[in-house]
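Model, not experiment: these values are computed from the prediction. Here is the naming used below: chain letters follow the sequence lines, and residue numbers restart at 1 for every chain.
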Amino acid sequence: MKTHAHTSNTYIGAHIERVEDYRFLRGEGQYLDDVSRDGQWHAAFVRSSVAHGRIRSVDASAALAMPGVHAVITAADIEGDIPTIPFRRPNPTIGPYAQPVIARDKVRYFGEPLAMVLADTPELAEDALAGVMVDIEALPAIIDRESAMADKILLFEQTGTNVPTMFNADKGDVDAAFASADYVIRDQFATQRQTALPMETRGLLAEWDAQTGRLSVSGAAKLPFFNRTTMAKMMNLPDEAVDYIELDVGGGFGARGEFYPEDFLVAFGARKFGHPVKWIEDRREHLMAIGHSREASCDVELAFKKDGTLVGMRGALYINIGAYVRPNGMTPVRNAAQFMSGPYRIPAIHLDAYACVTNKTPAGTYRGPGRYEGCFFIERLMDQAAGALGIDRLDIRRKNLLTHEEMPYPLATVLPSDGRADTQCDSGDHRVTFDTCVKESNWAEKAKLQGKLIDGRYQGIAIGCFIEGGASGPQENVRMLLEADGMVSLFAGSSAIGQGLETILAQIAADSLELPMERIRVFHGSTTYLKMGWGSYGSRATVMGGSAVLDASKKLLDLFRASAAKRLGVAPETLTIAEGVAKAADGRSVPLAEVAGDRLEVDGSFKNNTPTYTYGAAMAHVAVDPGTGHVDVVDYVVVDDVGRIINSMTLHGQVMGAAVQGFGSVFSEELVYNAEGQLLVGSLADYLVPLASDYPVVRCVSMESFPSPTNPLGAKGAGEGGIIPVGGVVANAVANALQDFGVQPKILPLSPSRVWELIDDARLRA
Amino acid sequence: MKLPSFDYQAPASLAEAVALLAAGDGSARPIAGGQSFLPVMAFRLAEPSLLVDLRNIPDLSGIKISDAGVRIGAMARWRDLLDDVRLAEAMPLLPAAIDHVAHYQIRNRGTVGGSLAHADPAAEMPTLALTCEAQIDVVGAKGERVLAAADLFTGALQTSLEPDEIIVAVRFPAWAKTKRWGFEEFSRRRGDFALAGVALCYDETEGRAANVRIGAISVADTPIRLKNAEAALEGRAVDAASIEAAMAAASGEVDPAGDIHASARYRKALVGTLLGRALESAAGRKAR
């Protein structure tokens, strides 16, 4: 670690290397696969190769006769109703669409678990999969939203529809707005099905202690406490009898750490047989089993005045959520409706967002859920409207961007309510980040290249804007303890999913306690540390966890003051406390370490249901090879305002990582299904994530001009913003590069094949 | 995605290896660098009873350059070819093409013979062997034989090798220093399987192309020669008009399949585009 000459309050806002990286760089990280127990069995899952069908039989007898195989769990082993996975945000109509933990009567997607084999080694368990005979009567599969909404073939016959929910986003009088408009643009767009793809696949190790009646589940991530409660209910145990243990986690991005069918089955096996059960998801099953996201399409209109002033937005959004409603499966649907307006002042809005079930892997969240999709839709419309109205692309945006004077700015009201309150942008001036982006990107010079053919490639630029919701409520807890050695242990309900949580919380604790960071030890995520906690989702850990740390620090210093006062025989209020030392008026002092024997321990918490809104703008400069359809990102600039920067280094990593992940979304990542509902993507040779060398030029500028009023740090969630504008900005840049051809990309990804076909179609039309 | 169980032997002689394969009765497989076949096994697309590792067999690697041409031992790794400065002189097409093989780590392990035997139509070496009319030396239970590259590849991941046959070397015919050549391939990310690729060479006499050889990657079940494109150039000056004619011929004569990465229509056009670029670089490269 770099050593910092410490004076009070210097950690927050500094460029500080991540403390967890010593562990990782030395190969000392401990991931789930690094943990093993004596006598453990390994699980492997029989998954449906049929996308939609009625199960006639599942016969495991051949598998049970194979060497090293101890047991095979099927739906027949579960007494009574098959447990279903609960929703994180329930609403009135989604109940029947919950996912059962194992298929009993019907399979609804390729990859749905049908049986779990338990064997001595992972290899033997995988061998035995071939010995489980599954007989399924295939039904026609629905893979797209059109056939889903036709309601001719139903996934859930008893409901009569393939649309579990439609969310409405409403604001103002949209009919009047469109009647008064000078210009209306209407178009259809679509984003492709993706998954978050953490580098570490999922993994679980479940242990049952029959003596004490306790279940321990290692491999927790994202929201251990919610999952602990879920598991306890399914296993008919009290919450306190279930521990969720968080080890090092190799990435989350919204997908990892939700409650999945395997979570229950692995624990069920461990309890039934009294052996620890371990399961490491392989990449092929990861692609078919973990939550998918992003498969969205729309038919939307924007209404403008002649001068480019936005007056209204209306239309329909369709989100293909796959076969079941998973715990947060509705979040992208609701968010698409809520946030499509982005940072633009749109006085009248009516959007209908339909969730459609299809025979594909059930969907959930992926970094910037619903926001990435909505931003692609509106930014494409903004550029096309600018062209039609003859207004400069910068001017049409500046005219409609929210200003500081309008804060807090209420967004549309979304119904049905799923527990989220009406929301409003909390603070900021969108013109500032926009103008900074224009300046940083040297827009005026780049604009001269637009549409030009240089070295055989067409140059294009574009700019777009975004808002990012963060700081999901309702609460976060921490516990702080002064240890005998004078160190301060901090136990946090927040989870570390690779985002540098240990560093951030240690910085905040160190500054608020006025101690060196080296004296703070951070423990996080596991349910064993705290009675209750929440976790890391919706860009919340810094704001919610960090603010809870402030609360705990204040309480710990109060206890320190009382202890020191007792020792010195003075009134507590006469002491000055600075840099870990309590000083009396007469010059006598007590350092913090000296009162360690008093066992100072405090609980801190922070409650808040008001989201923060980081916001910003991004510029892309691309070069398109018309022969191959390859798009090179020549330059990319993203500017955001995060309210308050806690660590400029980890923030930079978040923004840049998100931007590059966004390039994967725009250009290469796609979960392709065939007409029968079979997933054609089985490895990382098929699912093309960006490689380290693919996008060398990404520039990130983060600002802290407008602190959030919602929390004492003034911070805003900042982990997702970088990905949100990428689709819209890059697609606009490609459209602008190819302006001479009249190419308008409407469907992502912009694969070489698709870009070339757009060009070739334009040539054939000409 | 875990390997099925199998036996493993690493014999010290070719004869022993052939005997093990022959005794395996079709279910024993030789293994070289393992960069393609081990993933195939992990996906359970092949479950051999025995892997016969060729690593301990002497004289299977090595690059020999003589007046007769370039002989590359089957166990030579991509890295060996790229590091051999003589090769860049003796047959510059080879290192230029091999630079496109997968990623750094894979190039350190993967072998020339393994690539030929794996017969992936998206790989570089099969097309290079076909384009340059290489001979493949093979040893099996019935003795030695020599296969023309054109006779080796019978389908996607399929060859005319018997289960007990092992590739010993690939021999490229003499390469005139004045030969012109080009190589272009396009993949979605650097190191990915090519969506399409073109390798070509020709002699130039009095400003006209002769002995034109053009091979294509990833546009059919096997590596293929683009005979119509070759004919469009043979005996003509390589200029804008003949390049255009060759491009059109190339796109016209291939019938690629579409897949999740690219449509058939795109691949058809792409092979013409890449041929145009390869010809331009061949014609523009300073004559020696």
Side-chain angles (χ1 to χ4, degrees), chain A residues 42 44 67-68 121-127 129-130 201 280-287 456 625-631 663-664 667-674 679-695 749 751-761 763, chain B residues 1-6 35-36 38-45 47 102-106 120 122-123 184-198 218 243-244 247 251 256-278 280-281:
Chain A
H42 293 266
T121 68
E123 291 79 9
L124 291 172
E126 185 165 326
D127 288 349
L129 297 182
T201 57
I280 302 290
E281 184 181 50
D282 70 36
R283 187 62 71 185
R284 181 167 177 266
E285 67 180 339
H286 176 84
L287 289 165
D625 178 343
T628 62
H630 177 74
V631 180
F663 294 139
F667 293 121
S668 56
E669 297 177 26
E670 183 168 17
L671 292 165
V672 185
Y673 282 80
N674 68 11
L679 181 60
L680 302 181
V681 173
S683 77
L684 293 181
D686 303 327
Y687 194 76
L688 307 181
V689 292
L691 305 179
S693 54
D694 287 349
Y695 301 101
S751 62
S753 182
R754 176 168 283 135
V755 171
W756 177 85
E757 280 167 30
L758 286 170
I759 296 169
D760 197 49
D761 287 344
R763 282 185 188 129
Chain B
M1 287 179 78
K2 291 166 192 72
L3 293 175
S5 108
F6 58 89
Q35 299 303 292
S36 298
L38 288 180
V40 164
M41 287 173 65
F43 276 106
R44 308 277 175 132
L45 299 173
E47 302 197 19
H103 304 278
Y104 182 86
Q105 293 86 342
I106 293 172
D120 190 328
E184 289 284 335
E185 76 168 48
F186 182 72
S187 55
R188 292 189 68 179
R189 299 172 305 188
R190 175 126 186 113
D192 282 342
F193 290 112
L195 298 183
V198 168
S218 222
I243 289 177
E244 196 168 316
M247 288 169 64
S251 288
D259 61 20
I260 63 170
H261 295 303
S263 66
R265 173 186 164 200
Y266 170 76
R267 279 205 162 94
K268 221 169 151 58
L270 182 61
V271 76
T273 299
L274 296 175
L275 174 59
R277 290 178 184 183
E280 273 164 23
S281 77

Exercise for review: Specify which of A/L680, A/V689, A/L124 makes the most heavy-atom pairs with chain B at under 4.5 Å.
Suggested key: A/V689
Review point. Does B/E185 have any side-chain contact (heavy atoms from CB on, under 4.5 Å) partners at least two apart in sequence or in another chain, and if so, which?
Key: B/H100, B/E124, B/F183, B/A194, B/I217
Practice item. Could you list the residues that satisfy side-chain contact (heavy atoms from CB on, under 4.5 Å) with A/S753, not counting sequence neighbours? Key: A/S751, A/E757, B/A262, B/S263, B/Y266
Review point. Got a salt bridge between B/R188 and A/D694, using NZ or NE/NH1/NH2 to carboxylate O under 4.0 Å?
Key: no
Check your understanding: What part of A/I759 lies closer than 4.5 angstrom to a heavy atom of chain B: side chain, backbone, both or neither?
Key -> neither
**Study point:** Considering all heavy atoms, the nearest A/L691-B/R190 contact
**Key:** CD1-O, 4.0 Å
Check your understanding: How many angstroms lie between atom CZ of B/F193 and atom CG of A/D686, to the nearest 0.5 angstrom?
Key -> 9.5 Å
Exercise for review: Select, from B/D192, B/T273, B/I260, the one with the greatest count of heavy-atom pairs under 4.5 Å involving chain A.
Suggested key: B/I260
Study note, to complete from the structure: Note: A/L684 and B/R189 closest approach over all heavy atoms is O-NH2, 3.5 Å
Check your understanding: Which bit of A/R283 is near chain B, if near means a heavy-atom gap under 4.5 Å: side chain, backbone, both or neither?
Key -> both
Check your understanding: Out of curiosity, A/R284 CZ to B/M1 CE, how far, rounded to the nearest 0.5 Å?
Key -> 8.5 Å
Check your understanding: If every non-hydrogen atom of B/R44 is compared with every non-hydrogen atom of A/E123, which pair is closest and at what distance?
Key -> NH2-O, 3.8 Å
Revision key, fill the gap. If one checks every heavy atom of B/R267 against chain A at 4.5 Å, the contacting part turns out to be neither
Study note, to complete from the structure: Okay, B/A42 and chain A: the region with an atom under 4.5 Å from a heavy atom over there is backbone
Point to revise | 4.5 Å side-chain heavy-atom contact, B/R277 and A/T628 | key: yes
Exercise for review: Report the C-alpha distance between A/D760 and B/R265 in whole Å, list the side-chain angles of each, state the deciding distance to 0.1 Å, and finish with yes or no for side-chain contact (heavy atoms from CB on, under 4.5 Å).
Suggested key: CA-CA 10 Å; A/D760 197 49; B/R265 173 186 164 200; 3.1 Å; yes
Point to revise | Least distance between heavy atoms, B/F43 atom then A/S683 atom | key: CZ-CB, 3.6 Å
